[in-house]
Amino acid sequence: MYLCRNIRDMTIKGEATVVKHTGSHYLLSRLPQWDLFPAVLRGKIRLKGSSATNPVAVGDIVDFEAEVTESDGGMSSLVSLENPAVITAVHPRRNYIIRKSTNLSRQSHIIAANLDRAFIIATIDYPEIKLPFLDRILVTCEVYNIPVTIVLNKVDLYRESHREMLEAFHEIYEGAGYPVMEVSALTGEGVDALRDACKGHVSLFSGVSGVGKSSLIKALDPTLDPRVGEISDVHLQGKHTTTFYEMYALSSLGFIVDTPGLRGFGLVDLKKEEIALYFPEMLKASEGCRFAPCTHTHEPGCAVKEAVEAGEISYERYSSYLGMLDEEGKYR
Ligand code: GDP
Ligand code: ZN
């Protein structure tokens, strides 16, 4: 974090993270500080080769400049909506997730960038989990290079009634290399551990509606209410404030990006022979396949099929893979 000051024209330059995007304006903060201040884009910032409709997304690290008239006080007191900071450059992204437009225009919207981890919130029951759907999300996160933790919420409801399924779930997903946490937003079980896992990171929270994602975010930090949108809009009052995605600061020192639903980013364009690269346990086993590339279906000497037969790779994961092979091409 740096601030250089040119006393003559009172220009402050610095580096900050985009925490919210509301149409024409952005809110920036110099993480890990939470010193929100508004900013606008100068001219056209275009990222090379990007077809995204938004050139700057939540989580982006940007360079900014601000013209100020007073030399003291924090950025938020120096920069007002009438005199917002100007985003002059976007730093290269470590990773990002995109939502594809439903039409065939090949346009996409960047949901968030520079994520340290994705927490995929799910429930074994209430609502019932769909493993092929979860696997598709996991593949997407692998493609985008975002480490995933699976968070099973509402364990108070199904730990007893679905004990075997719960155990099988751990076996399948921990076996594939994904940490699985059990939590209950209702009883508070596991919430401290989740809070610890979020500490010091920028994390994506996602899950299909009804799994208790909002309740969980509230349990992590009671001052947050994702439904209401807890970031103060004081800087943005009087303007059109359609919020797309935003980052929240946990009082326990962590930053989370809430996403309304998973469906939008469950789709990635992958060639048939690429899909298995994003099932980590299959990628590992495929080193032993006789043929390369190997689709792990009909080829003789396929180490992945052998691992499935030996129970080292779960049949559920393998069948999700076969399902994705089958459907390949349908999304183009
Ligand atoms: P979201 O759509 O994922 O944001 O889900 P909500 O937070 O709105 O929760 C959906 C429903 O599940 C609500 O009725 C919550 O009260 C309930 N719920 C959330 N978490 C838990 C939990 O850990 N245990 C139980 N029993 N119910 C929960
Ligand atoms: Zn193979």
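Source: prediction; values computed, not measured.
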Quick one: closest heavy-atom pair of [X] and [Y], and the distance?
X	Y	result
A219	A185	CB-O, 4.2 Å
P127	T123	O-OG1, 2.6 Å
P55	V90	O-CG2, 4.4 Å
A122	I129	CB-CD1, 3.7 Å
D60	A113	OD1-CB, 3.6 Å
S184	N153	CA-OD1, 3.5 Å

Next on the checklist: Walk me through whether H91 and D63 qualify under side chain to side chain contact (heavy atoms under 4.5 Å, CB included).
Outcome noted: CA-CA 8 Å; H91 292 209; D63 292 334; 2.7 Å; yes
So, taking the atom named [atom1] in [X] and the one named [atom2] in [Y], what distance separates them when rounded to the nearest 0.5 Å?
X	Y	atom1	atom2	value
T17	R30	OG1	CZ	11.0 Å
T149	I121	OG1	CD1	9.5 Å
L28	I87	CG	CD1	5.0 Å
E281	Y318	CD	OH	12.5 Å
T140	E142	OG1	CD	10.0 Å
L220	D192	CG	CG	9.5 Å

Do [X] and [Y] come within less than 4.5 Å of each other through their side chains, counting heavy atoms only?
X	Y	result
M247	I256	no
I124	L152	yes
V208	F133	yes
V139	Y321	no

Next on the checklist: With side-chain contact (heavy atoms from CB on, under 4.5 Å) as the test, pick out the partner of Y278 among L270, L283, D135.
Outcome noted: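 Of the listed residues L270, L283, D135, the side-chain contact (heavy atoms from CB on, under 4.5 Å) partner of Y278 is L270.
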Does [X] reach the main-chain N or O of [Y] with its side chain, forming a donor-acceptor pair under 3.5 Å?
X	Y	result
D221	L250	no
N145	N95	no
E299	H296	yes
K213	T259	yes
S314	R317	yes
S29	Q33	yes
K13	E65	no
S203	A118	no

Hey, quick one: are [X] and [Y] part of the same hydrophobic cluster, counting side-chain heavy atoms closer than 4.5 Å, chains of contacts allowed?
X	Y	value
L322	F279	yes
V180	V148	yes
L157	L216	yes
Y126	F169	yes
F291	I313	no

Checklist entry - Does D116 pair with R94 as a salt bridge, N-O distance under 4.0 Å? => result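 Judged by the 4.0 Å cut-off on N to carboxylate O distance, D116 and R94 do form a salt bridge.
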Next on the checklist: Assess the residue pair L36 and W34 against the criterion (side chain to side chain contact (heavy atoms under 4.5 Å, CB included)); give the C-alpha distance rounded to whole Å, side-chain angles, the decisive distance to 0.1 Å, and a yes or no.
Outcome noted: CA-CA 6 Å; L36 310 179; W34 196 244; 3.8 Å; yes
Checklist entry - In terms of heavy-atom contacts, does CD of E174 have more than 12 from other residues, nucleotides or ligands at under 6.0 Å? => result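 Count over threshold, so yes.
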Checklist entry - After noting the C-alpha distance and the side-chain angles of Y173 and L134, does the key distance pass the side chain to side chain contact (heavy atoms under 4.5 Å, CB included) rule? => result CA-CA 10 Å; Y173 288 97; L134 174 63; 3.7 Å; yes
Item to check | Working for side chain to side chain contact (heavy atoms under 4.5 Å, CB included), residues I146 and L204 | outcome: CA-CA 9 Å; I146 303 166; L204 180 83; 5.7 Å; no
